[in-house]
Chemist: 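Below is a structure I'd like to ask you about.
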Amino acid sequence: MSRRILAGGLAMATAVTLTTLPAEAERTVGFPSANFPLGNRPVPTKTMTAVSQGINLYTVKAGTHTDGYTLTFLMPNGLDYGSLATAELVAAEVEAAAGESPSLQEVIRPAVADAPAQTVYMVRVGLWPFKHKKKAEKAAEEFKEAGFKVKLDYLGDDGLKTTGPWDARVVIIDPRTFRGSYATSVGTSVAKRETVSSMVRASKALVGINGGFFNIHTSPALRGEPVGVSVVGGRLLSEAVPGRSAVVLKGRTAKITELETTVTATSQDGTKAKVDGVNRAVATDELILYTEEYGAKTPTGGTDAVLDPTGKVIRLRTSGAAVPRGTRVLHGNGVAGDWLNEHAWQDWTVAVDTKLVDLRTRRAIELTPDLHVMAGSVGLVRNGRIAITAKRDGHNSMNMILRRHPRTLLGTTKDGSLILATIDGRRPGDTIGANFVEAAQFMRWLGATQAINLDGGGSTAMVVGRKVVNRPSDGAERAIGDALLVLPT
């Protein structure tokens, strides 16, 4: 695929900046010596900071900006792309009403591991150099005043050919010398959102990064809920989306895999019921388990069975109250509420059996106190090869696969090292972020044989030594659902 590239960019960076740490320290972390893997493979500038024993932080910058701005007309469905026939109709309307001759741009979204390539078309007018953004903005306003739905696009965001620039932070943890451990955190509760900085301070972590996606489509009071599996200290706090990528942490080991969870409630009369979810909003006829980490009231309009640590039913109650400390609550409405009323009588025992299964090995993972699990959003690299599972992981769209955004990435290497990385974006002229293919290439360049994409965009944040070391695209840290933490012990 191709498009016009604006001329007049700055000269490409050629210097490599290293710290004065001993050469052996540089070899230990195995940072790549090859040119940067994106764009026209520029030589990056790089600085290294030793965070703690076995932990190094790298600041990596590469490329220069040569992209400018254009105007993109929206299709009738509100998207900025469509079929050739639809794009031709929009282009004809623009030409007839505005006297402009727009261009039809063919865009090929590349194939990924679980979805074929997709060809779409965009209707665009104008090409302004980077320094003439205000002129492009004025043209956009004029089209809007004329009744057109149009947006200003920075071409570096497209996901097509570019020269950058990129601004990344990379933490590499060497298992041979690191003496701490890995953990996850949902902050003070599942329901509440918090910043990575807050979770780092509370745990006295050395390093923290934002975790997976959280549910922005639920009640505002519950939007800290992770979308996918969450295990903190051996306690399942959110069920898995079956087959979605995740990272399993135990001590100072990290493994990327796909998981599924099953939760079953068994009454002392032998009757069983599937538990549909953990610590989330309830749908009709669902049975949901709420733990004391939930941090919100159970839903109204159903029945709650309050269980002590042995599974004994302390009481049945009308739903809509907090989870008492030291208890769990089974909540049901409709059919599930009927099951509780029939099989979870006061002083009876209801056993709640929780299973976590690694789908790559088909083996159960024991929920021990040192186990932590965090859901990813999209698989990027598997067994050393790029394998982007966008469709399976719920992100099979042009915007997610092709367009560039800030990224938070996690990978493991053949020798067991853990790689945590952020690529900042949405700052035209400074850093453009990455699309899924570029994110996978970047992680392979760093040496990852397994890698996943975590939540990105305004959520992307890396905290080292209680300081945010990247530049979140919102202008400040965003409160998020969960975080991965690197602990000193």
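Counting from 1, the numbers follow the sequence of the chain as shown.
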Chemist: To the nearest 0.5 Å, what is the distance between CD1 (I216) and CG (L222)?
Modeler: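 If we round to the nearest 0.5 Å, I216:CD1 and L222:CG are 14.0 Å apart.
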Chemist: Under a 3.5 Å cutoff, is there a donor and acceptor pairing between the side chains of T460 and T408?
Modeler: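 Result is yes, a qualifying pair exists.
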Chemist: With a 6.0 Å cut-off on the ring centroids, do H395 and F213 count as close?
Modeler: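 They qualify: ring centres under 6.0 Å apart.
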Chemist: Identify which one of R466, E477, K467 satisfies the side chain to side chain donor-acceptor pair (under 3.5 Å) criterion when paired with S197.
Modeler: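 Only one of R466, E477, K467 forms a side chain to side chain donor-acceptor pair (under 3.5 Å) with S197, namely E477.
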Chemist: Tell me, yes or no, whether the heavy-atom count around W345 atom CH2, taken from other residues, nucleotides or ligands under 6.0 Å, exceeds 12.
Modeler: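 For W345, atom CH2 is not crowded (no more than 12 foreign heavy atoms under 6.0 Å).
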Chemist: Side-chain polar contacts of residues 482-489 - donor-acceptor pairs under 3.5 angstrom, sequence neighbours left out - could you list them?
Modeler:
unit_1	atom_1	unit_2	atom_2	d
D482	OD1	G212	N	3.2

Chemist: Which residues pass the side-chain contact (heavy atoms from CB on, under 4.5 Å) test with R471, sequence neighbours left out?
Modeler: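 Scan of R471 (side-chain contact (heavy atoms from CB on, under 4.5 Å), adjacent residues dropped) gives D424, R427, D430.
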Chemist: Once you measure the plane-to-plane angle for F442 and F36, does it fall in the parallel (<30°), tilted (30-60°) or perpendicular (>60°) bin?
Modeler: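 Plane angle between 30° and 60°, so tilted.
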Chemist: Under the side-chain hydrogen bond (donor to acceptor under 3.5 Å, both in side chains) rule, what pairs show up with a residue in residues 321-330, not counting sequence neighbours?
Modeler: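 Not a single pair qualifies under side-chain hydrogen bond (donor to acceptor under 3.5 Å, both in side chains).
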Chemist: Between T261 and E239, does any side-chain donor sit less than 3.5 Å from a side-chain acceptor?
Modeler: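 Side-chain D/A pair, T261 to E239: absent.
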Chemist: Before you tell me yes or no, could you show the steps for D474 and R478 under salt bridge (Lys or Arg N to Asp or Glu O under 4.0 Å), namely the whole-Å CA-CA distance, both residues' side-chain angles and the distance that decides it to 0.1 Å?
Modeler: CA-CA 7 Å; D474 286 353; R478 175 186 289 178; 3.0 Å; yes
Chemist: For the rings on Y81 and Y121, is their centre-to-centre separation under 6.0 Å?
Modeler: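 They do not qualify: ring centres at least 6.0 Å apart.
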Chemist: Can T291 and N279 be counted as having a side-chain donor-acceptor contact under 3.5 angstrom?
Modeler: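 Yes - a donor-acceptor pair under 3.5 Å links their side chains.
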Chemist: I would like to know whether R403 and D158 meet salt bridge (Lys or Arg N to Asp or Glu O under 4.0 Å); could you show each step before the answer?
Modeler: CA-CA 5 Å; R403 288 183 71 85; D158 275 2; 3.4 Å; yes
Chemist: Should E286 and R280 count as an ion pair when the cut-off is N to O under 4.0 Å?
Modeler: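 Salt bridge flag = yes for R280 with E286.
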Chemist: What residues form a side-chain hydrogen bond (donor to acceptor under 3.5 Å, both in side chains) with D153, not counting sequence neighbours?
Modeler: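 Residues passing side-chain hydrogen bond (donor to acceptor under 3.5 Å, both in side chains) with D153: T72, R124, K151.
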Chemist: Would you tell me whether N399 and H405 have side-chain atoms, one donor and one acceptor, within less than 3.5 Å of each other?
Modeler: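 The answer is yes; a qualifying pair exists.
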Chemist: Please list, chain by chain and in numerical order, all residues satisfying salt bridge (charged side-chain N to carboxylate O under 4.0 Å, His left out) with D304, sequence neighbours excluded.
Modeler: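 D304 satisfies salt bridge (charged side-chain N to carboxylate O under 4.0 Å, His left out) with R317 only.
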Chemist: Are S83 and T86 linked by a side-chain donor-acceptor pair shorter than 3.5 Å?
Modeler: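 Looking only at side-chain atoms, T86 and S83 do form a donor-acceptor pair, the distance falling under 3.5 Å.
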Chemist: Atom OG of S245 and atom CD1 of I388: how far apart are they, to the nearest 0.5 Å?
Modeler: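 Taking OG in S245 and CD1 in I388, the distance rounds to 11.5 Å.
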Chemist: I'd like to know if the side chain of S377 pairs up with that of N453 as donor and acceptor (distance under 3.5 Å, no hydrogens or angles considered).
Modeler: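 On atom types as modelled, these side chains qualify, holding a pair under 3.5 Å.
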Chemist: Considering only distance and modelled atom types, tabulate donor-acceptor pairs under 3.5 Å from the side chains of residues 352-360, sequence neighbours left out.
Modeler:
unit_1	atom_1	unit_2	atom_2	d
D358	OD1	T257	OG1	2.6
D358	OD1	R360	N	2.8
D358	OD1	T361	N	3.4
D358	OD2	K255	NZ	2.7
R360	NE	E258	OE1	2.9
R360	NE	E258	OE2	3.4
R360	NH1	Q450	OE1	3.1
R360	NH2	E258	OE2	2.9

